[in-house]
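The sequence lines fix the lettering, A, B, ..., with proteins before strands; numbering per chain opens at 1.
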There are 2 protein chains.
Amino acid sequence: MVPTTWRERRRAEAVAEIKDVARRLLVAGGPSAISLRAISREMGMTTSALYRYFASLDALVAALRGELFEELGRVTQSARDEAPTDDPILRVLAMARAFRQWGLEHRQEFGLMLGPPVAGVAGPDQEPSAPDDAVACVGVAFLGEFAELWRRGTLVIPAVDPIEGYLVPSLDMYVAERADLEPLVVFAFLSAWTKLYGIIAMEIFGHMTWAVTDTEEFFEAELAEFARQLAGETNNVPGPG
Amino acid sequence: MVPTTWRERRRAEAVAEIKDVARRLLVAGGPSAISLRAISREMGMTTSALYRYFASLDALVAALRGELFEELGRVTQSARDEAPTDDPILRVLAMARAFRQWGLEHRQEFGLMLGPPVAGVAGPDQEPSAPDDAVACVGVAFLGEFAELWRRGTLVIPAVDPIEGYLVPSLDMYVAERADLEPLVVFAFLSAWTKLYGIIAMEIFGHMTWAVTDTEEFFEAELAEFARQLAGETNNVPGPG
DNA sequence: TAGACAGAGTGAACATCATTCACAGTTCGG
DNA sequence: CCGAACTGTGAATGATGTTCACTCTGTCTA
């Protein structure tokens, strides 16, 4: 499995360098700035030589996208592992912060990964409901903490009407030891997951500047309220006065 | 203001047709499929002639984007106006449903509008915190209902720690009669707004298929829980059992 | 009303891009 | 050690945005 022959090692290096240059171009000028010609120029190669490593530009971008998901997954999970083991809520918060932080530091990458699907990269020809969808990589880590929270009996969630039927049935497959998740837990996770995505994506895509000046403070306020809800400590406030 | 001379009328028609064709191309093949050459071909014109109407391809796309925001604004607000005037919560729900529905029926447009900023269309050179940001057009309608809800004293919101400081100060400018919005109300709106964006964008961008089969049911469940929270009727459920 | 002027369209040109192909050099395995 | 697979080359094709010098034609003014 590990490259042994010279050619294989050389090839792996080339693939890695191509993806590195592609990422640099992405960061510098957005997805449309990733061009085989620019890559070949920077690497001192012919453009056609790149086709020995990737079937097309789209294939390259798809590979890069996959690698970025791995990176984001590593980052969030290592943030989780630095949080105290016995406090799932703190672990969730740590992951959420790491998620946002990485996104802010890698806006273009974030857009490529979690923006609208790019034409040839994740088109409708791909199987739509692939169970190993790249997005799952990072989402599942959150799900795991919700499962742990539920296992301890400290998870407080709103009772939702007809919860059955619309969740992917084998979702607890991802969770350690097949937790046999209550659908309500999955709903609680999804609710938090979509909300997290909303805040972060909106900020990174620049759709929040018209309403919020200090997005970090807003994010922390949302996080605090979220933690309060998880602990069942919501103290509501009635109308004006 | 209204075009009177023949040339002006003719010009307005041409501009409209160009944007129409551009939109058709967008729908058919994504943003990268919008090309001046394809437009000119379809219109039986020379490509260079298009430069009499738009300074560049990016300018065309930007104009199209603006028009799409107007359309989405009209759709959501007309959905609101069909809901009972005396029930702000129902009005918010109607707008949320219309928002999602329009997005699902116009995925490419939605991506262009609310996805990551496209290179030349909404680049960093544009003024970042423009108060008339296009996203505001649709968001403000939601804010208005929250203001109304608050005015009636029926809005129940969580108490959030240090709310001052990170909100755009002149946000109540948008609200009818300058409501002098309590920051807490703005926070409640933003919380709902980001959440709504999260659910809808995630679904439209295809980032939810790995976890949810029937996204419509999930959306309705979230909506119901949201309405319950707004009315202060959350009935929580403790851990496993 | 006649002429000046701005608007609208043309066709050629240049630079960029992805992709393919026949060809040649290099490395590996039997 | 020799054939086969791998890696790279250079030319070619056809797509793209953008510019420029031109014509032609409405429109407005003197």
Side-chain angles (χ1 to χ4, degrees), chain A residues 1-19 21-26 28-65 112 118-121 123 125, chain B residues 1-19 21-22 24-26 28-65 112 118-123 125:
Chain A
M1 196 54 65
V2 54
T4 164
T5 144
W6 191 85
R7 266 234 263 249
E8 281 172 342
R9 213 174 334 120
R10 171 61 230 279
R11 181 179 181 81
E13 287 173 7
V15 167
E17 183 178 356
I18 292 173
K19 284 195 281 197
V21 177
R23 178 167 182 180
R24 218 175 310 138
L25 291 170
L26 169 72
S32 66
I34 308 178
S35 85
L36 293 179
R37 298 193 109 97
I39 295 173
S40 69
R41 231 171 308 163
E42 192 153 335
M43 291 181 65
M45 278 208 315
T46 321
T47 306
S48 50
L50 295 175
Y51 284 85
R52 301 295 175 194
Y53 300 96
F54 294 97
S56 69
L57 175 63
D58 286 339
L60 201 189
V61 175
L64 176 59
R65 205 178 94 106
L112 180 62
V118 184
V121 175
D125 9 279
Chain B
M1 196 56 66
V2 53
T4 164
T5 143
W6 191 85
R7 257 207 184 143
E8 282 174 342
R9 213 172 336 119
R10 173 62 231 280
R11 181 178 181 81
E13 287 174 8
V15 167
E17 183 178 357
I18 292 173
K19 284 194 282 197
V21 177
R24 217 175 310 140
L25 291 170
L26 168 71
S32 66
I34 307 178
S35 86
L36 293 179
R37 296 192 116 99
I39 294 173
S40 69
R41 230 171 311 165
E42 192 152 338
M43 291 181 64
M45 279 209 312
T46 321
T47 305
S48 49
L50 295 174
Y51 283 84
R52 300 294 173 194
Y53 301 96
F54 294 98
S56 68
L57 174 63
D58 285 340
L60 202 188
V61 175
L64 175 59
R65 204 178 95 106
L112 181 63
V118 184
V121 176
D125 8 279

Please, which pairs that meet salt bridge (Lys or Arg N to Asp or Glu O under 4.0 Å) have at least one residue in residues 42-57 of chain B, sequence neighbours excluded?
-> B/R24-B/E42

Nearest-0.5 Å distance, CD1 of residue A/I34 to CG of residue A/L26 | 4.5 Å

Below 3.5 Å is the cut-off: list the nitrogen or oxygen pairs between protein and nucleotides 11-15 of chain C, distance only.
| residue | atom | partner | partner atom | Å |
| --- | --- | --- | --- | --- |
| C/dG11 | O6 | B/S48 | OG | 2.6 |

Side-chain N or O of A/R10 closer than 4.0 Å to phosphate OP1/OP2 of D/dT7 = no

Within less than 4.0 Å of OP1 or OP2 of D/dA15, is there a side-chain N or O belonging to B/R41?
-> no

Tell me, please, which residues at least two apart from A/R7 pass side-chain contact (heavy atoms from CB on, under 4.5 Å).
-> A/T5

Please list each protein N or O that sits under 3.5 Å from an N or O in nucleotides 21-26 of chain D, with the distance.
| residue | atom | partner | partner atom | Å |
| --- | --- | --- | --- | --- |
| D/dT25 | O2 | B/R7 | NH2 | 2.9 |

Rounded off to whole Å, could you give me the CG-to-C1' distance for the A/D58 and C/dC17 pair?
-> 13 Å

For A/S40, what residues pass the side-chain hydrogen bond (donor to acceptor under 3.5 Å, both in side chains) criterion, not counting sequence neighbours?
-> A/T47

Residues forming a side-chain contact (heavy atoms from CB on, under 4.5 Å) with A/F54, sequence neighbours excluded | A/V15, A/I18, A/K19, A/L60, A/A63

Nearest-Å distance for atom pair CG/C1', residues B/L60 and D/dT18 = 14 Å

Given D/dC6, is OP1 or OP2 found less than 4.0 Å from the side-chain N or O atoms of A/R11?
-> no

Starting at atom CG of A/L36, determine the distance to atom C1' of D/dG10, rounded to an integer number of angstrom.
-> 17 Å

Do the side-chain N or O atoms of B/R9 get closer than 4.0 angstrom to the phosphate oxygens (OP1, OP2) of D/dT27?
-> no

What's the CZ-P distance between A/F54 and C/dA18, to the nearest Å?
-> 14 Å

Spacing of OG1 belonging to B/T46 relative to CZ belonging to B/R41, to within rounding of 0.5 Å = 12.5 Å

Rounded distance (Å) that lies between atom P of C/dC17 and atom CD1 of A/I34 = 13 Å

Nearest listed nucleotide, side chain of A/M45, among D/dA15, D/dG8, D/dT18 | D/dG8

Indicate yes or no: at least one non-hydrogen side-chain atom of B/V61 is less than 4.5 angstrom from one of B/V118.
-> no

For B/S56, which contact category applies under a 4.0 Å heavy-atom criterion: base, sugar-phosphate, or nothing?
-> sugar-phosphate

Over how many whole Å does the gap from A/I18 atom CD1 to D/dG8 atom C1' extend?
-> 12 Å

Determine the minimum heavy-atom distance between A/L50 and A/L36, stating which atoms define it.
-> CD1-O, 3.3 Å

For A/L50 and C/dT20, give me the distance from atom CG to atom C1', rounded to whole Å.
-> 14 Å

Please work out if B/Y51 contacts a base, only the sugar-phosphate, or nothing of the nucleic acid, heavy-atom cut-off 4.0 Å.
-> base

Just to confirm, is there a sub-4.0 Å distance from OP1 or OP2 of C/dG9 to any side-chain nitrogen or oxygen of B/Y53?
-> yes

The reported gap from CZ in A/R9 to CD in A/E13 (rounded to nearest 0.5 angstrom) is 7.5 Å

Heteroatom pairs (N/O) under 3.5 angstrom, protein to nucleotides 1-3 of chain D:
none

Main-chain N/O of B/A38 paired with B/S35 side-chain donor or acceptor, under 3.5 Å = yes

Spacing between B/E8 atom CD and C/dA6 atom C1', to the nearest angstrom = 12 Å

Residue list, side-chain contact (heavy atoms from CB on, under 4.5 Å) with B/S56, at least two apart or on another chain = B/D58, B/A59

